[in-house]
Enquirer: 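Have a look at the structure that comes next, please.
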Amino acid sequence: DPRFAAILANALTDSLGSLIVAFNRDNATEKLLYVQRRIDEITVELQAAEGRRTLFLEDNRGYANSPRLMQTAGELERQVQALTAVWIELIKQLEIAKLDDDKERFSIEVLDRALPPLHKSRPKRANMGIVGMLLGGLAACAVVLGRTLILVDRR
């Protein structure tokens with residue numbers, strides 16, 4: 001039934017569109033939550049690294065005279081710099097995730113709703129029936145001719 005097919009096509013596109021929008025929104029929300037959680041973790045690690053660096057510098061004011069203390073100071077400084085770089089990158093990713101959460105990407109835009117046809121155009125069953133009968137007749141003639149030739153060759 002053409003009306004049923006049109007209703008089914010419209011329902012399918014509507015449900016697919018809402019499914020894609022929900023998927024994208026869930027995906028963006030999950031990314032936002034993940035980035036926020038990582039920012040919280042890195043913030044705690046960064047504060048701890050800065051605290052260790054500060055304690056080291058307070059305890060070892062003359063560390064420039066000792067190669068081992070200078071190496072330790074350098075390691076602590078690199079940890080703080082690395083964690084700071086990660087924290088800055090996560091803040092950028094958080095802003096991108098916030099923007100992605102607000103927009104609907106990859107949604108389906110239906111230009112024209114499905115309507116049942118006014119006049120049936122295909123399949124043309126009468127033409128198919130005629131062509132089928134002709135092909136069937138030709139196949140039957142080929143079979144009869146083939147059997148006749150096989151019987152003549154055996155004699």
Side-chain angles (χ1 to χ4, degrees), residues 1-54 56 71-155:
D1 182 33
R3 284 172 286 177
F4 178 71
I7 291 169
L8 186 64
N10 289 329
L12 182 66
T13 55
D14 291 342
S15 63
L16 185 61
S18 63
L19 179 72
I20 289 173
V21 167
F23 174 76
N24 287 332
R25 184 160 288 134
D26 290 345
N27 196 12
T29 302
E30 285 179 25
K31 182 178 178 182
L32 184 66
L33 292 174
Y34 172 76
V35 171
Q36 185 63 52
R37 187 173 59 246
R38 283 296 296 150
I39 287 175
D40 295 341
E41 292 170 0
I42 293 297
T43 300
V44 169
E45 290 180 34
L46 181 59
Q47 289 171 347
E50 288 173 339
R52 286 190 302 271
R53 183 186 62 181
T54 301
F56 175 81
Q71 180 182 4
T72 304
E75 289 173 2
L76 291 172
E77 186 62 33
R78 281 190 300 277
Q79 287 176 357
V80 169
Q81 288 176 354
L83 288 171
T84 301
V86 170
W87 184 81
I88 289 170
E89 184 61 34
L90 285 172
I91 292 296
K92 291 177 187 176
Q93 293 297 321
L94 179 66
E95 291 303 317
I96 291 170
K98 284 180 182 178
L99 291 174
D100 286 345
D101 194 35
D102 288 340
K103 63 181 169 180
E104 296 178 12
R105 295 182 305 166
F106 306 117
S107 61
I108 293 178
E109 183 178 336
V110 178
L111 300 178
D112 294 323
R113 305 285 293 169
L115 298 173
L118 298 176
H119 304 289
K120 187 174 181 178
S121 61
R122 290 193 179 227
K124 296 183 179 180
R125 287 192 172 84
N127 290 347
M128 287 172 46
I130 292 170
V131 170
M133 285 190 333
L134 287 175
L135 289 176
L138 286 174
C141 289
V143 168
V144 169
L145 185 62
R147 284 188 171 189
T148 305
L149 289 177
I150 290 174
L151 289 176
V152 169
D153 286 340
R154 285 188 182 173
R155 289 187 188 174

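By convention here, the first residue in the shown sequence is residue 1.
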Enquirer: Salt bridge or not for D14 and R113, using N-O below 4.0 Å?
Expert: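 Salt bridge between D14 and R113, a charged N being under 4.0 Å from a carboxylate O: yes.
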Enquirer: Which pair of non-hydrogen atoms, one from I42 and one from L83, has the smallest distance, and what is that distance?
Expert: CG2-O, 3.7 Å
Enquirer: Check side-chain contact (heavy atoms from CB on, under 4.5 Å) between Q81 and all other residues, then give those that pass, not counting sequence neighbours.
Expert: E77
Enquirer: Taking only residues two or more places apart in sequence or in another chain, which ones pass side chain to side chain donor-acceptor pair (under 3.5 Å) with E89?
Expert: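 Expected list: Q93.
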Enquirer: Holding to side-chain contact (heavy atoms from CB on, under 4.5 Å), I want the full list of residues that pass it with T72, two or more places apart in sequence or in another chain.
Expert: F56, L76
Enquirer: What is the distance from atom CD1 of I88 to atom CD1 of I91, rounded to the nearest 0.5 Å?
Expert: 9.0 Å
Enquirer: Taking side chain to side chain donor-acceptor pair (under 3.5 Å) as the definition, give me every residue that meets it alongside S18, ordered by chain and number, with sequence neighbours left out.
Expert: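 Here no residue qualifies.
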Enquirer: According to salt bridge (charged side-chain N to carboxylate O under 4.0 Å, His left out), who are the partners of R3, at least two apart in sequence or on a separate chain?
Expert: D1
Enquirer: So, using side chain to side chain donor-acceptor pair (under 3.5 Å) as the criterion, who are the partners of Q36 when residues are at least two apart?
Expert: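 In terms of side chain to side chain donor-acceptor pair (under 3.5 Å), with neighbours along the sequence ignored, Q36 is linked to D40.
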Enquirer: So, for V80 and L46, which heavy atoms are closest and what is the spacing to 0.1 Å?
Expert: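 Scanning both residues completely, I find the closest heavy atoms to be O-CD1, 3.6 Å.
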Enquirer: State, to 0.1 Å, how close L32 and L94 come at their nearest heavy-atom pair, and which atoms those are.
Expert: CD1-CD1, 3.6 Å
Enquirer: Is the closest side-chain heavy-atom distance between R53 and Q79 below 4.5 Å?
Expert: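 Side chain of R53 against side chain of Q79, heavy atoms only: no contact under 4.5 Å found.
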Enquirer: Side chains of residues 4-12: which donor-acceptor partners sit under 3.5 Å, not counting sequence neighbours?
Expert:
{"unit_1": "N10", "atom_1": "OD1", "unit_2": "A114", "atom_2": "N", "d": "2.8"}
{"unit_1": "N10", "atom_1": "ND2", "unit_2": "A6", "atom_2": "O", "d": "3.2"}
{"unit_1": "N10", "atom_1": "ND2", "unit_2": "A114", "atom_2": "O", "d": "3.1"}

Enquirer: Can you give me the closest heavy-atom contact between V35 and L90, atom names plus distance?
Expert: CG1-O, 3.4 Å
Enquirer: Going from CD on Q47 to CH2 on W87, what distance comes out if it is rounded to the nearest 0.5 angstrom?
Expert: 10.5 Å
Enquirer: Run the side-chain contact (heavy atoms from CB on, under 4.5 Å) test against E75 and tell me which residues pass, sequence neighbours left out.
Expert: Q71, R78
Enquirer: Applying side-chain contact (heavy atoms from CB on, under 4.5 Å), name anything that partners Y34, two or more places apart in sequence or on another chain.
Expert: R37, R38
Enquirer: Would you mind writing out the side-chain donor-acceptor pairs for residues 124-144 within the sub-3.5 Å range, not counting sequence neighbours?
Expert:
none

